[in-house]
Every structure is written in structure tokens, then in C-alpha cells.
Amino acid sequence: MTGTGKSALGTYVDEQRRETIADRVEELLSEMTVEEKVGQLNQRSVSFVMGPEDGNEDLEAAIADGEIGSVLNAEGLEAKQHLQEFAVEESRLGIPLLMAFDVIHGYRTVFPTPLGQAATWEPDLAERAERVAATEASADGHHWTFAPMVDVSRDPRWGRVMEGAGESPVLGSAFARARVRGFQGEDLTEADTMLACAKHFAGYGASEAGRDYNTVNVAETALRERHLPPFEAAVEEGVATVMNAFNTIERIPASGNEDLVSGVLKGEWDFAGAMVSDWNSFGEQLPHGVAADEREAAKLAMLAGSDIDMVSEVLLEELPDLVRDGDVPESRLDDAVERVLWVKGLAGLFEDPYRYFEEERRKAVTLTEDHRETAREVAERSFVLLKNEGVLPLTEDTEVGLVGALADSAEDTLGAWAWGGEPEDVTTIRAGLDDHFGDVPYAPGYDLPGEVTAESLDEARDIAEEADVVVAVVGEPADMVGEAASRAHIDLPGDQRRLLEAVHETETPVVALLMNGRPLAVEWLDDHLPAILDVWHPGTEAGPAIARTLTGEVVPSGHLPMSFPYTEGQIPVAHDRLPTGRPAEDSEEDYVSKYLDVPNDPLYAFGHGESYTDFAFTDLTLASDAFPSGKALEATVTIENTGDVAGRDVVQLYVQDLVGSRSRPEKELVAFETVELEPDETAEVTVEIDEDDLAFWTDDEKWAAEPGEFDLMVGHAADDIVHTERFTLVE
Ligand code: GLC
């Protein structure tokens, strides 16, 4: 279990340290009782601030008795130091605790939500963001983050799409790798690194009807081609831990799914780290109806290959007897404990269990100007200009009016899953525009989530009538996105649209800023408003980032990581749809696959994003029109900035396998690269397409590319293909 194979976990420490850790793990394992082994698998959630709270009265005694191996949500360095002292000095073997926290998009410096970061199409930005997050969170005593969330999803009804990288397994895999690298750094023994956790394994993004915690019904092909690749990428990048999903796969909950955990993750992929359950997911095998009692639940989880039990405590209660009764082999228990100890060793806790608890370091690295600047840069690059009919950028003498309660809400600007952030650190959109333009006339227009009154609308109209341009901030408050926040309707919440109608009626041009955690149904905005900028939940540096973008200091460069449907009735709508037997495109026929009331295509396609300048892909050239198995094909795109200002664009390459043993998508993102160009500047982008890029889950149940003809397409978005070239993969 050195983790230097496909699972690169072991490469985060040098050979000598690997041997030292392995020796310590072996020594501890040989001394541990069954109860002490089980204790290492037990994780307790605490908000321990120097004094037990409800449900944790026994916490110190449980730690001293070796019943707890890790905790999550511990608050404050002093409390964490206190808990660690109990583990190291009071328990028989002195094994340190792992301390975990959900560091999802920043810690004290809050970054745009992961979906917003994916809209940059620049994984290295996400890596930089996670580097900052790990630096701040580790300085606050956290060893382990429950991130990156790498669930692929095509269903905006599901509130957790804001935690991921959208609909493409290719884009998702690139961000998964970058985030693992960002958190784990170069050497996990460095005090500013954190153990990462790829979650939720697997298929959670396909929750039926977009309803959170719901059943998942995915075919093996969809699981293999869409939902698993970002997890495999994270494992290849050396992610230290993986988290079970709540849902079933083939009607077996992921926590107790042996095919998934032992077959794929630990078997095919040789994952060398530890598998942690999601919140009580071991215990939830009872309501799933696959375990009659907690003993059965503990047995199923352990025999499937799961390791750490987050808060259900079924292992603590039941596993010693299961092992003594021979229902769970002690070798399985030893494997689980070895993985937990291995991860603790990699984090450097055996040498120095208190290495993360340095108040001076915490003060020195938290919310620094550098971190703020990085957060602002990432926010600026996350914004997607959905539409602009000449209104943006604003000029310095533009009389701006501002409406929308979200513009002034620091807490909502942080978005969901920002527990480490503080609203008082946030520069809101309103504050950012005030800083830039001087006091901007403002009216909230609605009470969150979207209640308007005649007075609130009148106030907003007055603002609009006095302005050259009115900026209207609409979208979702933080509590309408994230976990347990599914929405059956994905339009603007409440009566926010009535605010837009009111200011639109004044005939003052309206720039809509969308603050959203998911794709929204915004057809009315697209039909009536001249400019729409999607700013997601932009985090601590929202204000400066948005002011600089609206005024042209920064040129928007974001592109959608997820399609925006016209309506929830279209869901799922994504770029990588199959052609069907009756393609509707370019057909006048009635009996084809279409709706009577909306188009098949989304309102805004995957990859869509405008700029203040223009880019042209003037050429797509293939090094040859055929390439043999085992080789790669070089494709070169020529891109030119044909506009008047410098800007950044994403060269998006899509591929179609024209004939396969299974029906293949009309197009799939296969490669992408961001390019920054001055006006009139031209650049060539060359990418290599190899067999892995063309592989799929074939009809004989293996991952392979099949010889035949393919189309390679380059486009500004999935619905804006500019050039197509055909090539052949030969035997
Ligand atoms: C939650 C989430 C998971 C999170 C965990 C700990 O239920 O599903 O993503 O990491 O519990 O907070």
C-alpha cells in the first residue's frame, strides 16, 4: 500500500519517509487491540470550544479511551490542541487525531463557488485557490478537507451542482486533479498542506429528478463514462481519501457497495488511501432497506471495503463483535486501520501531532492581501458574459443605478459551504460599485428570497429613471443552493422578475447580474435585457471584481461549465447527448425527437461565454487524417483576437465517434486551452488527441477506443462549432 502505483498518494512524501511511516504503522497495528483498531475508524463531529456541548459530554473520555480516530468541525486552535493532547497524552497508544473540515471554496478568504471556478476553464486557477485555502485552513488546525467534490451533474434542480465542475467528465477531471494538487501541495508533511477527499463516490450527481439524497439509476456506461472519470483522475493525482455517496448504485448504497468500493476504487484503481463515509451514510443503510439493524449495516460497510465511519458509530458499537464472531475478517479491519494510520503518517502527525497549531502562523497567513488578490482574480475569471448588446463595459461617466437585495448581502455573496468565511470580510457588489463610482443610488427592490411590494418596485423605478444604466442583481440566496437545496423550478426566486420588469419599463438599459448556484431558467431576461453577466456567488472579493469587470478594466472570459436550459422541462440537457434514432436537428419532419413547446438546445450552451472583444478560430489543421492505435494525433487551431481590446478565450475541442459498438454522443469535450491575446494578435494552439480521449465503455465491458472515423470540432461553445475535420483511428 505504498501508494506509488496508479494511486499516487505515496508520491507526496519521499521514499525514506514512506519507509518510516510504514514501519510506524506496522508497529502500531501489532500493538492495537480490536477495540483500539475500531476506534481509529470512528469519526465524531464536534463543535468543541473548550467545553463539551450536547452530545459530546463524553468526548474527552472517548478520545482517552481510543474510541475516536478523527473529528470534524472542531472550532479554534485552542480546542483542537486540547483534543489532540487528550489523544496523544491520555490514550494508551497516543495515536493523534485527524481533524477535518469542509473547505469547499476557500477558508477565511472565500473564493467563488467551485462551479464558478469551473467557469474559468483554468484548472491552475483552482489549484492556486485551493493552495490558499489549504494554507489558511491548515493554519487553523485542520489536517483534512472534505473536498474536492467531483460529482458530474447535468441537473440544475440539484442544489449541489454549485460544489462541482459541471456536466463534462473532461472538464471535471482536470479540475479534480488541480484541486487535489492545490490541497496536498508537493509534500504532505509541509504544515501548509491538507489531505484532500474526492467525493461523493459515486453517481450522486445523477440523483433522480434532481432531488437531493434521492435514488440514482445510472447505466454502467453512464457511470463509467460520465461519473467515474473525475474520481479516477483524483486517485491518479494521489488524493488521500475518498468519500462514500449517500445514494445507491444498482440499488446498493455506495457505503456498502463492494463492486464500487473494493471492485473499482481499491481494485481496478489500486486506491491506497482511506475511504470515509458521508454523514451517517453507514447508518442510512437501514432506511435504504438493505440492513435490518446496525450490526448488519456495520458488516455491509466493512465487507464492501469502506473504512471510516462519519458519526453513525455503527462500527464502534458493532464491529468488535463482528470480528470476534468471524463475520468480518480481522484482516479487513487491519486493512482499514492501516489505511487510516498511513494517511495520518503522511500528514506528518506521528512526528509532530501539534504541528498545525501555531497561532502566530494562523495570524500571519489568514486573509492576507495576496489571498484577497487571488480571490479577486479568480472571481473576475469566473464571470460569464451571457449576453451583451453594447451596454458593457460602462464608461467612467456612466450614471449607474443599482437594484437588488443580493447586491448588498455579504452572507449571500459568500455562497453556500463557506463556513470558514466571515461576512464582515466581504466587499459586496454594492460596496464595490460605491468604491468605484462614488455613492451609487441603490434600492433593494425585493426582500430575499424575492418578495416585492409596490413601494419596493417604485423605489427601484425611481433609481432606474435617474440612471444611464441600471445594474440589477438577481438570483439565489445562499440557502437556496448547496446540500438539501433542490428546486423543482429553476427560475428566479419569488418575484425577482417583477423587479426586472419594473426597471425594464423605464427604458433605462438594464444590466442583469446573476448571483446563482445553478443554471437558471432566464429566458425572459435573454428576451428583454441587453446585458447579462453571470457572477455566481463570487466570494470575499466580489465588489472589486465586479466593478472592474463592468467598467472594462477586466474583460470577461468565463465560459459555462454547465448548460442553461430554457426550462426545467428540458432537463437533462447537455452537450454530450446521444443522436437518437430520430434526430430533430435540420429536420422538417414531425415524427422526430423534439418538443412542441421549446427547442431541444439549451438557452445557453455548455462552453458559452462572450467577451468585450472578438475571437476567430481561423483554422483547424490535423497533422494527418489517420492515426494508428497507440499513437496520438496532433491538432492545431489558429485563434485571432479580431476585436479592439485584449482578452482571454477558451479553445474548445469536441469529438464525435461516428460509428461505435454503442451509440456515441453528437459531441464530447475532448480538450481545451485558454489563450490570452492582444488585439489583432494571433496564436496557434496545438493539442494531442490519443486513444484514451476516444475511449468509452464498449459493448464488451471494457474501456477502449474503437477504430473508425471521427470528427474533431473546434468551437466557441458546444452550439457554436466553427471548424470540423475528419480523421480515422486505424487498428
Ligand atoms: C454532508 C455532505 C458532505 C460533507 C459532510 C461533512 O452531509 O454530504 O459533502 O463533507 O456531510 O460535513
Side-chain angles (χ1 to χ4, degrees), residues 42-48 55-56 68-75 97-107 113-115 130 133-134 137 142-153 158-165 172 176 179-180 183 194-207 210-216 227 230-231 234 239-249 253-255 273-285 287-288 301 306-313 343 415-421 478-479 481-486 517:
N42 188 44
Q43 181 177 105
R44 183 85 73 92
S45 177
V46 298
S47 293
F48 192 95
N56 272 319
I68 297 176
S70 55
V71 296
L72 72 145
N73 298 330
E75 295 168 17
L97 294 170
L98 272 177
M99 305 216 174
F101 195 81
D102 289 283
V103 184
I104 307 300
H105 53 106
Y107 188 62
T113 53
L115 190 63
E130 305 306 16
H142 298 296
H143 308 128
W144 180 18
T145 176
F146 294 142
M149 185 273 219
V150 300
D151 299 317
V152 174
S153 185
W158 190 48
R160 303 199 75 166
V161 296
M162 52 79 53
E163 299 174 51
R179 294 196 138 96
V180 169
F183 283 123
M194 292 183 92
L195 300 164
C197 179
K199 69 185 186 182
H200 306 79
F201 192 68
Y204 189 16
S207 294
R211 180 157 53 88
D212 207 356
Y213 315 121
N214 199 9
T215 301
V216 165
H227 298 284
F231 286 96
V239 72
T241 62
V242 172
M243 183 185 288
N244 293 126
F246 288 118
N247 55 276
T248 55
I249 291 291
S255 302
M275 183 96 209
V276 60
S277 82
D278 200 342
W279 188 279
N280 189 40
S281 65
F282 287 2
E284 289 179 6
Q285 295 178 97
H288 270 299
S306 293
D307 302 315
I308 298 172
D309 175 5
M310 185 191 295
V311 310
S312 88
E313 307 224 330
V343 161
W417 287 110
W419 312 128
D479 63 8
V481 299
E483 185 174 357
S486 294

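Order of appearance sets the numbers: ligands from 1, and atoms from 1 within every ligand.
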Sorted by chain and residue number, the residues having a heavy atom closer than 4.0 Å to an atom of ligand 1 are L72, D102, F146, R160, K199, H200, M243, F246, D278, W279, M310, W417, E483

Kindly assign one of parallel, tilted or perpendicular to the pair F246 and Y204, based on the angle between their ring planes and the thresholds 30° and 60°. perpendicular

For the pair W144 and T241, evaluate side chain to side chain donor-acceptor pair (under 3.5 Å) and give the outcome as yes or no after the intermediate values. CA-CA 9 Å; W144 180 18; T241 62; 3.0 Å; yes

Return yes if some donor-acceptor pair links the side-chain N/O of N214 with the main-chain N/O of S207 below 3.5 Å, else return no. no

Residues A74 and V71: closest non-hydrogen pair is CB-CG2, 4.3 Å

Salt bridge (Lys or Arg N to Asp or Glu O under 4.0 Å) pairs touching residues 195-205, sequence neighbours excluded, are D102-K199

Given the options S281, S312, S277, S255 meets side-chain hydrogen bond (donor to acceptor under 3.5 Å, both in side chains) only with S281

